[in-house]
Protein chains: 2
Amino acid sequence: MITIYDIAKKANVSAMTVSKVINRTGRISTATRERVQQVIDELGYIPNSNARSLVLQRTHMLSLLITDITNPFYTTLARGAEDAAHLRGYRVLFGNSDEDYRKEKEYVEAILSTRVDGVLFAPAGDRSLPHLQQLQARNIPFVFLDRTVPGITSDVIAGDSREGAIELIRYLIELGHEHIALVNGSSEVSTARLREDGYIEGLKEAGITPDPSLILRTSYRDFSDDEGLERLLSRSQQPTAIFAANNMLAIGVIRLLRKRGLRVPEDISVVCFDDLDLASAFDPFLTVIAQPAYEFGYQGMQMLIDRIEGKLSPAAETMILPSKLRIRTSASVPPTN
Amino acid sequence: MITIYDIAKKANVSAMTVSKVINRTGRISTATRERVQQVIDELGYIPNSNARSLVLQRTHMLSLLITDITNPFYTTLARGAEDAAHLRGYRVLFGNSDEDYRKEKEYVEAILSTRVDGVLFAPAGDRSLPHLQQLQARNIPFVFLDRTVPGITSDVIAGDSREGAIELIRYLIELGHEHIALVNGSSEVSTARLREDGYIEGLKEAGITPDPSLILRTSYRDFSDDEGLERLLSRSQQPTAIFAANNMLAIGVIRLLRKRGLRVPEDISVVCFDDLDLASAFDPFLTVIAQPAYEFGYQGMQMLIDRIEGKLSPAAETMILPSKLRIRTSASVPPTN
DNA sequence: TTGAAAGCGCTAACAT
DNA sequence: ATGTTAGCGCTTTCAA
């Protein structure tokens, strides 16, 4: 391994001088700078960032902790996060909790051990509290990614889950639906609660009394509560539309509906949060509230880095990104019978 | 920040003793071990992995360098890589070159600076040579991910691009196609060359003379050569089927075909390499040679770690993963007219 | 403008 | 079974 001393020796200067050349700090005569640079290039010297981190107490590493790498929303978001970090000279350590507190705990420990400079964090749910407290105790800044956790104040980048849900419900009601079911994520997740709020608010707005038995709570990661959906569908008054709280739930729901011989949207309409990117580009089918996933990552990282570099006022900041209703064909007027 | 000295002091032992407790090395009396552990827990001490890396000359970090994070093949692969690494106590630093040599170069430099223990590497193409040489010069082991680069010998995990292509062509020929076009990636990429070989071999096998003007070479990342496709389609003898060398190309091709009013598969059949995961689950449309993306990542990381930990014989190893023809509806018998 | 000394937090090697 | 010393590769004083 080539060290700074190898360069120093060969260029006939001290290690300090080499360090200054590399970091462009302090004053150096042009002559020595060039001589040193020459040797650096010649030997292909690349500084050891571990050693540097150790003395600087800064790693220039950021962590992105998400809950489902399979979800295109997060894939696109990861891209945005990477781009922003890269542009500002940071590297990104990814973590994927799979909505699992145990895995999340392991990642947080790895984060602590790596001494990353900050975390863009989509917590698995409210029980992520201790993990966040651990970060706070160690003064590692983090930005909440869409989901927040009660009891913790920090910067947040988010969409407007409540408003988006209202918009989706309004659209269904305009189409003529009155019996709308909600297939939601876990109530331990803040966005699931907000989407449920919006769902209820949207119904009330239209003078419809929300029916709690029309709400199914499962996991954002994948829909597997077959019996729950079964129950929903076999009600005397079958719902004519389903609002899935995210894209993965929508896919699960639609597959199950199809398996049971129900056509979408002829027999039942389906709408959801978050787009499917590739699948939608390929076949524009699902009507969704699309959130700007790339921006979530990009702006979230910007905010995190601004915080780390002291470019933000001390107060926690919140940035809400706009979402957009994309009307396609998975929802139509309810069947008349 | 809590250091090993804080623990040592509070537990009334030396730093070495604490180190031994943490790493379960050397002999320690049960009494002191427990006392030390107690203090560690109490203070929530987590070792600084930078300091450890510095002395150990091992970071327990691996890098996964891929070419298109948007492609579900790589997303799934990344998951597999993460899982394998995590299981064996390594963290993964992701890099996304976007098939761009310049970005790749930056990532390689970051890799060198981070002193990762190894790299699972899908090179952008043959001109990645200097980057790989840099890794070799620094003794950083790497495993080729599907693509190899002439002039470099190293471990490789790959699919059988040539065989897969032959299988796809055979299938099309069975359906009755004789005029089959190839929309390929860049010829700087080894898998693109192999798929082209397979395409030609498949045709020859059936007694069809390959027509070079039926081959279009563009980029794996996305299809944008509209004029090229235009030219293909406006030949006196229009191809009745298109073999897209990967999934992203297939999507681009199909979108363009649709825009021009051509139905798939009624007017023209399309098949490709690599599945679409989510999109396919949702709507099983595209007929593909599916490669086990997760296994690519999982086994690739295993191989890399085995290499790093000296569990492999010195000779470079090659592992070929089987692919599978998944017949769906995007290819059918050619139109009769 | 340049360099010497010290130390970031940890562990290998060698005492005791 | 436990502790001392030295040093991983770098940068921050501070002195020359």
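Just so we're on the same page: letters track the sequence lines, and every chain starts at 1. These numbers were taken from a predicted model, which means no experiment stands behind them.
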(request) Name the nucleic acid region contacted by B:T32, choosing base, sugar-phosphate or nothing; use a 4.0 angstrom heavy-atom cut-off, strictly under. (result) sugar-phosphate
(message) At less than 4.0 Å, is any side-chain N or O atom of A:Q57 found next to OP1 or OP2 of C:dG9? Yes or no.
(response) yes
(request) Would you give the length of the straight line joining atom CZ of A:F144 to atom OG of A:S190, rounded to the nearest 0.5 angstrom? (result) 8.5 Å
(request) Could you work out which one of D:dA1, D:dC10, D:dC8 sits closest to the side chain of B:L54? (result) D:dC8
(request) Could you tell me whether A:K105 atom NZ has more than 12 heavy atoms of other residues or ligands within 6.0 Å of it? (result) no
(message) Rounded to whole Å, please give me the gap between CZ in B:R33 and C1' in D:dG3.
(response) 17 Å
(message) Expressed as a whole number of angstroms, how long is the span from B:R138:CZ to D:dG9:P?
(response) 13 Å
(message) How many whole angstroms separate atom CZ of B:R58 from atom P of C:dA12?
(response) 12 Å
(request) Classify the angle between the aromatic ring planes of A:Y298 and A:Y294 as parallel (below 30°), tilted (30 to 60°) or perpendicular (above 60°). (result) parallel
(request) With rounding to the nearest 0.5 Å, note down the distance linking CD in A:Q37 to CD in A:E42. (result) 12.0 Å
(message) Can a donor-acceptor pair be found, under 3.5 Å and without considering hydrogens, that links the side chain of A:N71 to the backbone of A:F73?
(response) yes
(message) What's the closest nucleotide to the side chain of B:M1 if the choices are C:dG9, D:dA1, C:dT2?
(response) C:dG9
(message) Without decimals, in angstroms, what is the distance between A:I46 CD1 and D:dG9 P?
(response) 15 Å
(message) Distance check, rounded to the nearest 0.5 Å: B:M303 atom CE versus B:E317 atom CD?
(response) 5.0 Å
(message) Just verifying a value: how many Å separate A:R58 CZ and A:E309 CD, rounded to the nearest 0.5 Å?
(response) 6.5 Å
(message) Does D:dG3 have its OP1 or OP2 closer than 4.0 Å to a side-chain nitrogen or oxygen of B:T17?
(response) yes
(message) With nearest nucleotide decided by heavy atoms, which residue, B:N12 or A:N50, maps closer to the 5′ end of DNA chain D?
(response) B:N12
(message) Rounded to whole Å, please give me the gap between CD1 in B:I2 and C1' in C:dC10.
(response) 16 Å
(request) Can you check each nucleotide of nucleotides 11-16 of chain D against protein heavy atoms at under 4.0 Å and return B for base, S for sugar-phosphate only, - for none, in 5' to 3' order? (result) SB----
(message) Using whole Å, what does the distance between atom P of nucleotide D:dG3 and atom NZ of B:K9 come to?
(response) 15 Å
(message) As an exercise, state the distance from CD1 of B:I40 to CG of B:D6, rounded to the nearest 0.5 Å.
(response) 11.5 Å
(request) Search all heavy atoms of A:I66 against all heavy atoms of A:A122 and return the closest pair with its distance. (result) CA-CB, 4.3 Å
(message) Let me test you: for the helix from C:dT1-D:dA16 to C:dT16-D:dA1, what is the angle between the axes at its two ends (five pairs each), rounded to 10 degrees?
(response) 40°
(message) Side-chain N or O of B:Y45 versus OP1/OP2 of C:dC10: is the shortest distance under 4.0 Å?
(response) yes
(message) For the aromatic rings, using the six-membered ring if either is Trp, is the centroid distance between A:H131 and A:Y107 under 6.0 Å?
(response) no
(request) Please state how far atom CZ in A:R115 lies from atom P in C:dG9, giving the value in whole angstrom units. (result) 9 Å
(message) Looking at C:dG3, I'd like to know if its phosphate oxygens (OP1 or OP2) sit under 4.0 Å from a side-chain N or O belonging to A:S14.
(response) yes
(request) Could you check A:N48 against B:R35 and say which one's nearest nucleotide on DNA chain D is further toward the 5' end? (result) B:R35
(message) With a 4.0 Å cutoff (strictly under), does any side-chain N or O of A:S29 reach OP1 or OP2 of C:dT2?
(response) yes
